[in-house]
Amino acid sequence: MEKLERLQKVIAAAGVASRRKAEELITSGVVKVNGKTVKELGTKVSPQDKIEVNGIPVHKENHVYLLMNKPRGCVTTMKDEFDRKTVMDFIGKEITERVYPVGRLDYDTAGVLLLTNDGDFANKMMHPRTHIPKTYLARVKGIATKGSLKPLVNGVKIKDYVTAPAAFHIVSTDTENDSTLVELTIHEGRYHQVKLMFEAVGHPVKRLRRDRFAFLDANGVEQGKFRHLAKSEVKELLRIAEEEASEKMPIRVMKGMRQY
Ligand code: URA
C-alpha cells in the first residue's frame, strides 16, 4: 500500500520550511496539491501527489545536517533586512540542498550552530518541550562569585518568565579588567536568554560563544567553516531530544549537568 503522509510533514521534510512554518504556509493558502489549493492541515498526500508552494514544485531532497562554527558579525536568518552578512554566506555552493539554521545565535555570538534541510529534525531540536543542553562561555562584567550567580541555578526572572534550572562554572576572574569568564548550561532557547540571565544577576555579557549543543562542540572546525554530522550523531541527537521531551519537565536538574 502506498504510504500516505501529512502534507505539512512532506513540505518540512523537503526542506522548504520547518514543520510549524509549513503549517502556516498551508493555512495561508499558498500550497497546492495536484493543482488545487489545500488549506486543511490534516491532509494526507502520497508520493505521487504534485505539491507546490507559492507555485514552486516541492521535491524531496536528501537530508543534510551541518555543524557550523559561527563567527561573530553575522545573523542566523536566511536573509537580512539590513543586508548584513548571514551564516548562509559561509555555506557556499558546495551544499546545494536548502539548509537553514536550527534556532538562532545573536549577531555578536559565535560558536556551535546546526543547519539542516530536515524540518522534522529542526523542529525536534527546537521544540520547547525538548530540553537539549546548550553550553555557553560568557565573558561577563564584574567579578562574579558562586553567590552572585547562584540564582541562575534555580531560575531567574527574565521579562515575564522564570528560567528553568541551569548550571554554571566560574572558569576565571580578571580583576584588572573587572570581568569573569563563566560557563553556563541551559536547556531552553529563548530570545537573548543567556544575556538576559546574566543581566538578571547583575553581570551583563560582554562576549558570548556557544561551546556545545548537546554533546557536539566545534573542535576541529574553524570559525566560518562547517562539517557534516555523522549519522550516529544525528541519531544520538534525536534520541536525546526524545528522552528529554518524555521526561516530566519542565523543571528538573538535567542528567549530566554539572553543578558547581
Ligand atoms: N543567548 C543569548 O543571549 N544569545 C545567543 O546568541 C544565544 C543564547
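Whatever order the structure lists ligands and atoms in, that order sets their numbers, starting from 1. Just so you know, these numbers come straight off a predicted model, no measurement behind them.
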**Study point:** Qualifying salt bridge (Lys or Arg N to Asp or Glu O under 4.0 Å) pairs, either residue in residues 92-111, two or more places apart
**Key:** Glu61-Arg98, Arg104-Asp106, Asp106-Lys195, Asp108-Lys195
Exercise for review: Mind jotting down which residue pairs meet the salt bridge (Lys or Arg N to Asp or Glu O under 4.0 Å) criterion with at least one end in residues 5-16? Sequence neighbours excluded, please.
Suggested key: Lys3-Glu5, Glu5-Lys9
Exercise for review: Using a strict cut-off of under 4.0 Å between a residue heavy atom and any atom of ligand 1, list the qualifying protein residues by chain and number.
Suggested key: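 Contacting ligand 1 under 4.0 Å are Leu105, Asp106, Thr109, Tyr136, His192, Gln193, Val194, Lys195, Leu208.
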Atom pairs and distances, side-chain donor-acceptor, residues 49-57, under 3.5 Å, sequence neighbours left out:
| unit_1 | atom_1 | unit_2 | atom_2 | d |
| --- | --- | --- | --- | --- |
| Asp49 | OD1 | Asn34 | ND2 | 2.8 |
| Asp49 | OD2 | Ser46 | N | 2.8 |

Check your understanding: Charged N to carboxylate O under 4.0 angstrom, Arg209 versus Glu183?
Key -> no
Point to revise | Donor-acceptor contact present, side-chain Asp178 to main-chain Thr175, <3.5 Å | key: no
Exercise for review: Please check if Tyr136 and Val112 belong to a single hydrophobic cluster, counting links between Ile, Leu, Val, Met, Phe, Trp and Tyr side chain heavy atoms closer than 4.5 Å.
Suggested key: no
